[in-house]
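Since the structure comes first, as structure tokens, the remarks are kept for the end.
Note on naming: letters A, B, ... go to the chains in the order of the sequence lines (proteins, then strands), and numbering restarts at 1 for each one.
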Amino acid sequence: MLIATWNVNSVRTRLPQLKEWLEEVQPDLLCIQETKVADPFFPREELVENGYQVYFYGQKSYNGVALISRHPLRDVRYGMKAELPKDSKANDFEDQKRIISALVNGIRVVNIYVPNGSSLKSEKYTYKLEWLECLDRYLKAQKTRDEPLCILGDFNIALESRDIHNPERLTGGIMASSKEREALKKVLGERLQDVFRIFESESQHWSWWDYRSGGWERNRGWRIDHIYLCEELLQNAKSCEIHKKMRGNIQPSDHAPVVVDINWPPIEMDEFEEIDLFSQY
DNA sequence: ATGACGGGCCGAGCCCGA
């Protein structure tokens with residue numbers, strides 16, 4: 001089962017690339033961020049006619065998240081308020097559309113677009129930290145249902161030095177400050193692990209390259225798009241890849257897709273052997 | 001060099017992103 005995340009930076013501008021990538025990769029579920037479109041104008045039909053079901057939570061110009069699925073999704077939840085109906089902070093956050101979740105094959109997939117924060121002195125930085133605190137409450141509410149959890153998206157945080165092209169210069173600044181990192185670590189707790197790091201421990205693997213400063217040409221990037229899995233899913237993870245080539249397209253998003261392959265529902269080894277035996281006849 | 005680029009927006013400079 002392939003589950004992917006991609007900050008597309010405008011779903012309407014990226015639609016041709018999005019459709020091409022879906023055709024090539026055939027993910028079961030693609031979670032996109034920065035759709036930048038109000039719900040009535042989401043390019044739903046063009047995806048539906050390619051066999052996908054689409055669930056979106058957007059607004060004009062900024063933010064916006066969506067789920068593009070080959071299978072029907074169950075229990076789609078829009079916004080923080082879907083898990084925290086009585087949390088006043090969660091309701092305040094609803095003016096920025098940054099979170100949508102659903103059940104696919106029994107897995108709770110939470111697609112998020114974490115606020116960027118702008119700079120350490122900005123009130124947007126406070127907003128980012130408060131949003132992460134709210135996300136922590138959101139996941140605690142979700143946990144009461146005992147669903148296997150996959151949370152993925154644009155986290156706008158590099159957790160470690162190996163996730164930044166120039167840690168000496170950038171550590172401590174926006175997306176790499178200790179407060180942001182601690183807030184994210186609290187959200188993850190003991191429950192969630194970054195599946196990319198199960199398969200790759202080296203630096204120089206980025207998911208975002210700044211449009212400015214020749215970030216792509218100089219390969220100056222950050223790894224800020226993550227997929228976190230609970231233990232049960234992690235044990236069935238087969239691979240996690242960054243589709244870097246999409247950043248090299250003409251008129252690219254500044255982010256590349258990240259894809260995890262999970263053996264799900266889990267198939268036992270003896271069942272594999274039986275299937276192989278059948279295939280011989 | 002947080003300027004550079006790119007997207008959106010009542011339409012051409014400005015806000016925003018990361």
* What is the distance from NZ of A:Lys128 to P of B:dA18, rounded to the nearest Å? -> 9 Å
* To do: Using the P atom on both, measure B:dA1 against B:dC16 and round to a whole Å.
  => 25 Å
* Would you say A:Glu160 has more than 12 foreign heavy atoms packed within less than 6.0 Å of its CD? -> yes
* **Residues that A:Trp216 engages under side-chain hydrogen bond (donor to acceptor under 3.5 Å, both in side chains), provided they are two or more places apart** => none
* **Interatomic distance, A:Trp206 CH2 vs B:dA18 C1' [rounded to whole Å]** => 15 Å
* Do the rings of A:Phe42 and A:Phe56 sit parallel, tilted or perpendicular, given the 30° and 60° boundaries? -> parallel
Please output the side-chain donor-acceptor pairs of residues 183-191 of chain A that fall under 3.5 Å, not counting sequence neighbours, one pair per line with the distance.
residue	atom	partner	partner atom	Å
A:Arg191	NH1	A:Leu139	O	3.3
A:Arg191	NH1	A:Gln142	OE1	3.3
A:Arg191	NH2	A:Gln142	OE1	2.5

* Exam field: side chain A:Thr13 to backbone A:Ser10, donor-acceptor pair closer than 3.5 Å -> no
* Find the distance A:Met175:CE to B:dT2:C1' and express it as a whole number of Å. => 11 Å
* Structure fact -> Whole-Å distance, A:His165 NE2 to B:dA18 P, equals 16 Å
* Once you round it to whole Å, what is the distance between P of B:dG7 and CG of A:Leu18? -> 15 Å
* Rounded off to whole Å, could you give me the CZ-to-C1' distance for the A:Arg12 and B:dG6 pair? => 15 Å
* A:Ile32 CD1 to B:dG7 P: how many Å, rounded? -> 15 Å
* What distance, rounded to whole Å, do you find between the two C1' atoms, one in B:dC15 and one in B:dT2? -> 15 Å
* With sequence neighbours excluded, tell me which residues meet salt bridge (Lys or Arg N to Asp or Glu O under 4.0 Å) with A:Glu83. => A:Arg77, A:Arg145
* Asked: What interatomic distance, in whole Å, is found between C1' of B:dA12 and the corresponding atom of B:dA18?
  -> 25 Å
* To do: Taking only heavy atoms on the protein side, list every residue of residues 219-226 of chain A lying under 4.0 Å from any atom of DNA chain B, sorted numerically.
  => A:Ile224
* Asked: In the 5'-to-3' direction, what one-character label does each nucleotide of nucleotides 12-17 of chain B receive under the scheme B = base within less than 4.0 Å of a protein heavy atom, S = sugar-phosphate only, - = no such atom?
  -> ----SB
* To do: Check whether the side chains of A:Tyr125 and A:Glu130 place a donor and an acceptor atom closer than 3.5 Å, and report yes or no.
  => no
* To do: Would you confirm whether the ring centroid of A:Trp21 sits within less than 6.0 angstrom of the ring centroid of A:His243?
  => yes
* Counterpart residues, ring pair (Phe, Tyr, Trp, His ring centres under 6.0 Å), relative to A:Tyr127 (two or more places apart) -> A:Phe93
* Asked: When the distance from CD of A:Glu217 to P of B:dC5 is rounded to whole Å, what number comes out?
  -> 10 Å
